[in-house]
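Residue numbers start from 1 in every chain, and the chains themselves are labelled A, B, ... in the order their sequence lines are given, proteins ahead of strands.
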Amino acid sequence: MVAAAGGSHERIYAIVRKIPRGRVTTYGTVARLAGLGRHARLVGYALSALPDGTSVPWHRVINAQGRLSLDRAASSAGITQMMRLAREGVRADAAGRIALTKYGWRVDATGPDRRTVRTADRPRERTKRQR
DNA sequence: ACTGGGGCTAACC
DNA sequence: GGGTTAGCCCCAG
């Protein structure tokens, strides 16, 4: 499992570990950096499978809305995530949202911010969702 | 093999 | 600004 190569989860963990302290990123970004394309959900899945004493800073991964996906569930993990982020200096606004433009992290950029890598993912066929 | 859901996201209203 | 719709594809039962 740890050494299993066929798991895309490992790639996700590898990316998440690279997230510097006091910085956050989105599931979609992690997925892309992990070479998973747009499987943001997979990132969430992979993170949910992490054990308690993991070295992976899963708390630094939030959703594209700048919020904690676990927050709505009010789960213990969600609380842990909030506390960890707060301790790292990542603060959310009154609405409980984190400014991705400020704390957003990307591998390529050496600077603090500068927009996200690419808004998110590119909808290859947005024509399909036209209604 | 099939079905249901998911720690998501972008577009639409 | 928030709620809904559609799409992605993987995981668990």
Establish whether the base of B:dG7 is bridged to the side chain of A:Y27 by a donor-acceptor pair shorter than 3.5 Å.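 Such a pair is found, so the answer is yes.
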Taking the side chain as every heavy atom from C-beta outward, state whether [X] and [Y] have any atom pair closer than 4.5 Å.
X     : Y      : value
A:R21 : A:R60  : yes
A:V16 : A:I19  : yes
A:I62 : A:L100 : yes
A:V43 : A:T26  : no

Which range-with-range stems can be found for DNA chain C when each stem has 3 or more Watson-Crick or G-U pairs in a row and both distances sit under 3.5 Å?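 So far as stems of 3 or more pairs are concerned, DNA chain C shows B:2-6 with C:9-13, B:8-13 with C:2-7.
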What integer distance in Å separates A:Q65:CD from C:dT4:P?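 One finds 13 Å between P of C:dT4 and CD of A:Q65, rounded.
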Quick one: closest heavy-atom pair of A:R91 and A:Y103, and the distance?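 Scanning both residues, the minimum pair turns out to be N-OH, 3.5 Å.
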Atom of A:W105, atom of A:K18 and distance for their closest heavy-atom approach: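 Nearest pair, atom of A:W105 first, then A:K18: CZ2-O, 3.6 Å.
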When you check the phosphate oxygens OP1 and OP2 of B:dG6, does a side-chain N or O of A:H39 lie under 4.0 Å from one of them?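 No, outside the criterion.
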Looking at DNA chain B, which of residues 46-57 of chain A put a heavy atom within less than 4.0 Å of it?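 DNA chain B contact set from residues 46-57 of chain A: A:L47, A:S48.
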Can you identify which nucleotide, out of C:dG2, B:dG7, B:dT9, has its nearest atom closest to the A:R97 side chain?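 The nucleotide sitting nearest to the side chain is C:dG2.
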Mind checking the CD1-CE spacing from A:I98 to A:M82? Nearest 0.5 Å is all I need.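 Reported to 0.5 Å precision, the distance equals 10.0 Å.
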